[in-house]
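What follows is a short report on a single structure.
From a predicted model like this one, the values you see are computed outputs, not experimental measurements.
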Amino acid sequence: MFTGIVEELGTVKDIMLQPHGGATLAIAGPLAVQGAKRGDSIAVSGVCLTVVDQPAEGVFVVDIMPETLHRTALGTLTAGSRVNLERALPVDGRLHGHIVQGHVDGVGQLSRRVDSDGWIELRVEAPEALTGFIAEKGAVALNGVSLTVTTVVGHEFGVALIPETLRMTNLGLLDAGDPVNIEIDVVARYVAQLLEKGSLPAKIS
């Protein structure tokens, strides 16, 4: 589990495409990899990935399945791309953002950005299947960053980024048309499922 509070802005060092359609990424993230070992989880721009190797100091390697490349924006990464990194939340850690699983629900597209005095508003076009889960003042994770939704109009929703978020994440680097990983609030997901089913069973065994 993660909180959506990015710890470090890492850099993709190398991408190796695999014959089966997946990929292996080497990522430089000295803070994120600190204390990490093989098998640990690190969220890379909102996608929970497993550390499979540490070939050099401050560098870790992850394998990405074809399904993950298909369902997220990781397939657009190239050497030099900046990625948001967050280590898994320790049991005794503080939940500063909101509950983020690292399971991307869909890929949106930045429709426009409004630059103001030190802050930026992003407007994101969400896939139609996700729009019912995104509510004004609700939580959403974009590229793994926990944010509060400011506006919702049709399939488009807005978020506002403070200077610290611009400094610590790759969201400030986005331009109109760029893809962005979207993870909806996990609570909204389960509430929707309960409403669809109508009610809970009288007895859970």
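Listed for the Ser146 side chain is no donor-acceptor partner under 3.5 Å among the backbone atoms of Ala141. Side-chain atoms of Thr165 never come within 3.5 Å of backbone atoms of Leu161 as a donor-acceptor pair (strictly under, hydrogens ignored). A donor-acceptor pair is defined here as one N or O able to donate and one able to accept, closer than 3.5 Å; such a pair exists between the side chain of Ser81 and the backbone of Thr78. Counting only distance, with no hydrogens or angles, the side chain of Asn143 and the backbone of Val180 share no donor-acceptor pair below 3.5 Å. Without hydrogens or angle criteria, Glu86 side chain to Phe2 main chain gives no donor-acceptor distance under 3.5 Å.
With rounding to the nearest 0.5 Å, the separation of CG in Leu110 from CG in Leu174 is 5.5 Å. Considering NE2 of His98 and OG1 of Thr148, their distance stands at 9.0 Å, rounded to 0.5 Å. Atom CG of Leu122 is separated from atom CD of Glu156 by 10.5 Å, given to the nearest 0.5 angstrom. Between atom OG1 of residue Thr76 and atom CG of residue Asp178 there is a gap of 8.0 Å, rounded to the nearest 0.5 Å. Atom-to-atom distance recorded for Thr150:OG1 and Arg123:CZ is 6.0 Å, nearest 0.5 angstrom. In this structure, Leu85 CG and Thr169 OG1 are separated by 11.5 Å, a value rounded to the nearest 0.5 Å.
Thr3 and Val100 get closest at one heavy-atom pair: C-CG2, 3.9 Å. Considering every non-hydrogen atom in both Val62 and Thr50, the closest pair reads CG1-O, 3.4 Å. Closest of all the heavy-atom pairs between Val61 and Pro55 is CG2-CD, 3.6 Å.
Residues passing the side chain to side chain donor-acceptor pair (under 3.5 Å) test with Ser45, sequence neighbours excluded: Asn170. In this view, Gln109 satisfies the side chain to side chain donor-acceptor pair (under 3.5 Å) rule with no residue, not counting sequence neighbours.
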Candidate pair Leu171 and Leu166, rule side chain to side chain contact (heavy atoms under 4.5 Å, CB included), full reasoning: CA-CA 6 Å; Leu171 295 183; Leu166 296 173; 5.7 Å; no
Show your reasoning for whether side chain to side chain contact (heavy atoms under 4.5 Å, CB included) applies to Val51 and Phe60. CA-CA 6 Å; Val51 176; Phe60 66 98; 4.1 Å; yes
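The hydrophobic side chain of Ile5 is isolated, with no ILVMFWY side chain under 4.5 Å apart from it.
Screening residues 55-64 for side-chain hydrogen bond (donor to acceptor under 3.5 Å, both in side chains) gives Thr24-Asp63 as the qualifying pairs, with residues at least two apart or on separate chains.
Considering only heavy atoms from C-beta on, Leu142 comes within 4.5 Å of Phe157 through its side chain. Residues Met1 and Gln101 form no side-chain contact, since every pair of their non-hydrogen atoms from C-beta on lies 4.5 Å or further apart. Within the 4.5 Å cutoff, the side chain of Lys137 has no heavy atoms near those of the Val149 side chain. The shortest side-chain heavy-atom distance between Ser111 and Val124 does not fall under the 4.5 Å cut-off. With a 4.5 Å cut-off on side-chain heavy atoms, Asn181 and Val107 count as touching. With a 4.5 Å cut-off on side-chain heavy atoms, Val140 and Val159 count as touching. Between Leu74 and Leu49 the shortest side-chain heavy-atom distance falls below 4.5 Å. Looking only at side-chain heavy atoms (C-beta outward), Val104 and Ile182 stay at 4.5 Å or farther from each other.
Placement of Val145 and Met168 in two distinct hydrophobic clusters is found when ILVMFWY residues are connected by side-chain heavy-atom separations under 4.5 Å, directly or transitively. Val83 and Leu69 fall within the same hydrophobic cluster, where Ile, Leu, Val, Met, Phe, Trp and Tyr residues are linked whenever their side-chain heavy atoms come under 4.5 Å apart, directly or through other members.
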Can I get a per-line list of side-chain donor-acceptor pairs under 3.5 Å for residues 33-41, giving both atom names and the distance, sequence neighbours left out?
unit_1, atom_1, unit_2, atom_2, d
Lys37, NZ, Asp40, OD1, 3.4
Arg38, NH1, Val52, O, 2.5
Arg38, NH2, Val52, O, 3.4
Asp40, OD2, Lys37, N, 3.0

Taking only distance into account, with no hydrogens and no angle test, what donor-acceptor pairs under 3.5 Å do side-chain atoms of residues 6-17 form with protein atoms, sequence neighbours excluded?
unit_1, atom_1, unit_2, atom_2, d
Glu7, OE1, Arg87, N, 2.7
Glu7, OE1, Arg87, NE, 3.1
Glu7, OE2, Arg87, NE, 3.3
Glu7, OE2, Arg87, NH2, 2.8
Glu8, OE1, Leu31, N, 2.9
Glu8, OE1, Ala32, N, 2.7
Glu8, OE2, Leu31, N, 3.2
Thr11, OG1, Arg82, NE, 3.1

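Taking 4.0 Å as the cut-off between side-chain N and carboxylate O, Arg112 and Glu121 do not count as a salt-bridged pair.
Counting non-hydrogen atoms of neighbouring residues, nucleotides and ligands closer than 6.0 angstrom, the CZ atom of Arg71 reaches no more than 12 such neighbours.
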